[in-house]
Protein chains: 2
Amino acid sequence: MTVEQKTTETEEKILEAALQVFSKKGKDGARMQEIADLAGLNKALLHYYFRSKEGLYDRVFEYMIAKLVKSFGPGLQEAPDFYQMLHIFIDSYIDFIRDNLPVMRLMVTEHLAGGDRLRDRIRSMMETPDSPPRLFLQRMNQAAARGDIRPADPHQTLITLLSCCVFFFLILPTVETFVPAARDNRDAFIEGRKDHVFDLIATSLRPVQEGRPVTWPRHRGKE
Amino acid sequence: MTVEQKTTETEEKILEAALQVFSKKGKDGARMQEIADLAGLNKALLHYYFRSKEGLYDRVFEYMIAKLVKSFGPGLQEAPDFYQMLHIFIDSYIDFIRDNLPVMRLMVTEHLAGGDRLRDRIRSMMETPDSPPRLFLQRMNQAAARGDIRPADPHQTLITLLSCCVFFFLILPTVETFVPAARDNRDAFIEGRKDHVFDLIATSLRPVQEGRPVTWPRHRGKE
DNA sequence: GTCTATATCTCGATAGAC
DNA sequence: GTCTATCGAGATATAGAC
């Protein structure tokens with residue numbers, strides 16, 4: 001008797017199909033029949049393996065979180081400085097979402113539903129010292145202390161970073177209607193997105209030079 | 001016989017309730033009963049006014065788009081320069097979303113569903129010269145030509161701008177779990193978000209000074 | 001383990017009283 | 001215009017053969 005529960009090939013097929021359907025339609029909107037069709041199996045098997053739709057959804061959620069956590073490579077820790085870490089963060093995060101759109105979508109649907117299921121997961125992630133968000137905050141504070149970057153709110157910057165990487169994929173259908181390049185060569189456009197995001201954040205955070213305060217032609221005025 | 005169809009008070013109540021439910025659960029996931037309960041009416045009335053669930057959803061979608069378009073104030077055109085326009089864009093957009101979360105959510109669920117219903121709307125919006133996105137692109141090109149900002153891809157910058165304003169509200173449940181300030185004083189945190197987004201983009205775009213190229217301590221290297 | 005057939009129930013939609 | 005009661009389609013879930 002072993003504790004680890006091996007996932008059979010059939011289970012895997014069901015979970016993958018369910019992830020896709022749940023992520024687009026939400027828990028209530030999804031249809032068991034559609035999941036079965038996509039998996040190339042029949043409805044009864046879904047209940048054989050997962051008892052109920054609710055049970056299946058719970059397992060799909062775990063499955064999705066597992067994919068997310070598994071994507072945390074050791075790359076971030078090994079980055080020699082803040083800018084290298086930022087670069088790795090952006091590239092690997094965008095790559096992951098590009099290759100796992102259903103994971104991103106399920107995260108979004110969960111947020112739309114109120115995010116109750118996510119709360120504990122996020123909290124425990126934020127309590128893990130070497131999780132990507134924690135590492136980012138820590139390295140940003142270090143960089144500011146050293147003068148590698150100008151002072152800026154790390155939480156706001158983290159939110160911005162996530163926004164820039166994730167939201168783009170969510171609104172891809174819209175982007176494609178007004179940026180021909182995104183339609184014609186998606187992969188190239190995604191690579192361009194990486195560069196833009198890094199450039200934007202890195203340029204904004206670069207430290208203030210001697211005798212040259214951070215300013216712009218006309219200051220944001222509420223005069 | 002008049003062309004304009006006045007929306008009765010009851011219709012308005014139904015549309016508002018339906019917008020909330022559809023925006024959280026999607027078209028298929030939403031339940032007519034839940035909408036009726038939220039509106040304080042009974043199911044039969046929904047069918048009396050809108051014939052079917054599909055019909056109701058269509059009307060809710062129009063209702064949502066109307067709210068969005070109505071929020072386009074004349075402020076943007078009147079901004080004297082790019083930075084003022086950016087400032088107004090961010091403030092008014094964030095204010096609108098804060099006050100109309102269901103509109104944002106319905107846009108997101110539509111994107112999750114593939115964005116087919118949005119395509120025509122977005123396209124016609126992008127063909128309207130004084131729509132906010134068009135204005136932004138135009139003013140950004142002008143500013144770059146004048147040297148008010150450094151050269152940067154306007155489309156990517158627009159995507160970033162939208163991302164920074166919208167995504168934050170989508171992941172608010174998550175943000176609140178790791179930023180105490182967001183939970184304790186939401187309004188203040190939202191105001192802080194405006195400042196951060198403006199500061200980030202404006203700082204990043206400020207023009208390169210004579211003899212001082214845009215760079216940072218260690219360049220993003222792929223060595 | 002996998003399938004077909006069927007039971008059970010939920011939900012969209014309608015009929016009809018007021 | 002608004003309600004209660006109910007129908008019927010379609011969904012989840014189960015039974016039972018293979």
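Quick caveat, the model's predicted, so the values are computed rather than measured. Within every chain, numbering begins at 1; the chains are lettered A, B, ... in the order of the sequence lines, protein sequences first and strands thereafter. No hydrogens, no waters, no symmetry mates; every other heavy atom, side chains included, goes into these values.
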Problem set entry | L135(A) vs Q77(A) side-chain heavy atoms within contact, under 4.5 Å | yes
For this session: Can you tell me the distance, in whole Å, between the CD atom of E54(B) and the P atom of dG10(D)?
Result: 14 Å
For this session: Assign A30(B) to base, sugar-phosphate, or nothing according to its heavy-atom contacts below 4.0 angstrom with the strands shown.
Result: sugar-phosphate
For this session: Just compare dA13(D), dC3(C), dC3(D) and give me whichever is closest to any side-chain atom of K53(A).
Result: dA13(D)
Seminar exercise, completed: CD (Q156(A)) and OG (S163(A)) are apart, to the nearest 0.5 Å, by 9.5 Å
Problem set entry | Exam field: side chain T109(B) to backbone L106(B), donor-acceptor pair closer than 3.5 Å | yes
Exercise. Are the side chain of T203(A) and the backbone of L200(A) linked by a donor-acceptor contact shorter than 3.5 Å?
Worked result: no
Problem set entry | Sidechain-backbone polar pair: N100(A) side chain, F96(A) backbone, donor-acceptor under 3.5 Å | yes
Exercise. For dG12(C), does either OP1 or OP2 sit under 4.0 Å from a side-chain N or O belonging to R31(B)?
Worked result: yes
Exercise. Can any side-chain N or O of N141(A) pair as donor or acceptor with the backbone N or O of L137(A) at less than 3.5 Å?
Worked result: yes
Please tabulate, one pair per line, each protein N/O and nucleotide N/O from nucleotides 14-18 of chain D that are separated by under 3.5 Å, including the distance.
none

Exercise. Once you round it to whole Å, what is the distance between P of dC3(C) and CG of D37(A)?
Worked result: 12 Å
For this session: Determine the contact category for T10(A): base if any of its heavy atoms lies under 4.0 Å from a base atom, sugar-phosphate if only primed atoms, P, OP1 or OP2 are that close, otherwise nothing.
Result: sugar-phosphate
Exercise. Considering only dG12(C), dA13(D), dT4(D), which nucleotide approaches the side chain of N42(B) most closely?
Worked result: dT4(D)
Exercise. Just by distance, do the side chain of R139(A) and the backbone of A79(A) share a donor-acceptor pair under 3.5 Å?
Worked result: yes
For this session: Round to the nearest Å and state the distance from D28(A) atom CG to dT12(D) atom P.
Result: 10 Å
Problem set entry | Beyond-backbone contact of R59(A) with Y49(A), side-chain heavy atoms, under 4.5 angstrom | no
Exercise. Do the side chain of K53(A) and the main chain of A30(A) share a donor and acceptor less than 3.5 angstrom apart?
Worked result: yes
Seminar exercise, completed: Students should find that the end-to-end axis angle of the helix from dG1(C)-dC18(D) to dC18(C)-dG1(D), with five pairs defining each axis and rounding to 10 degrees, is 0°
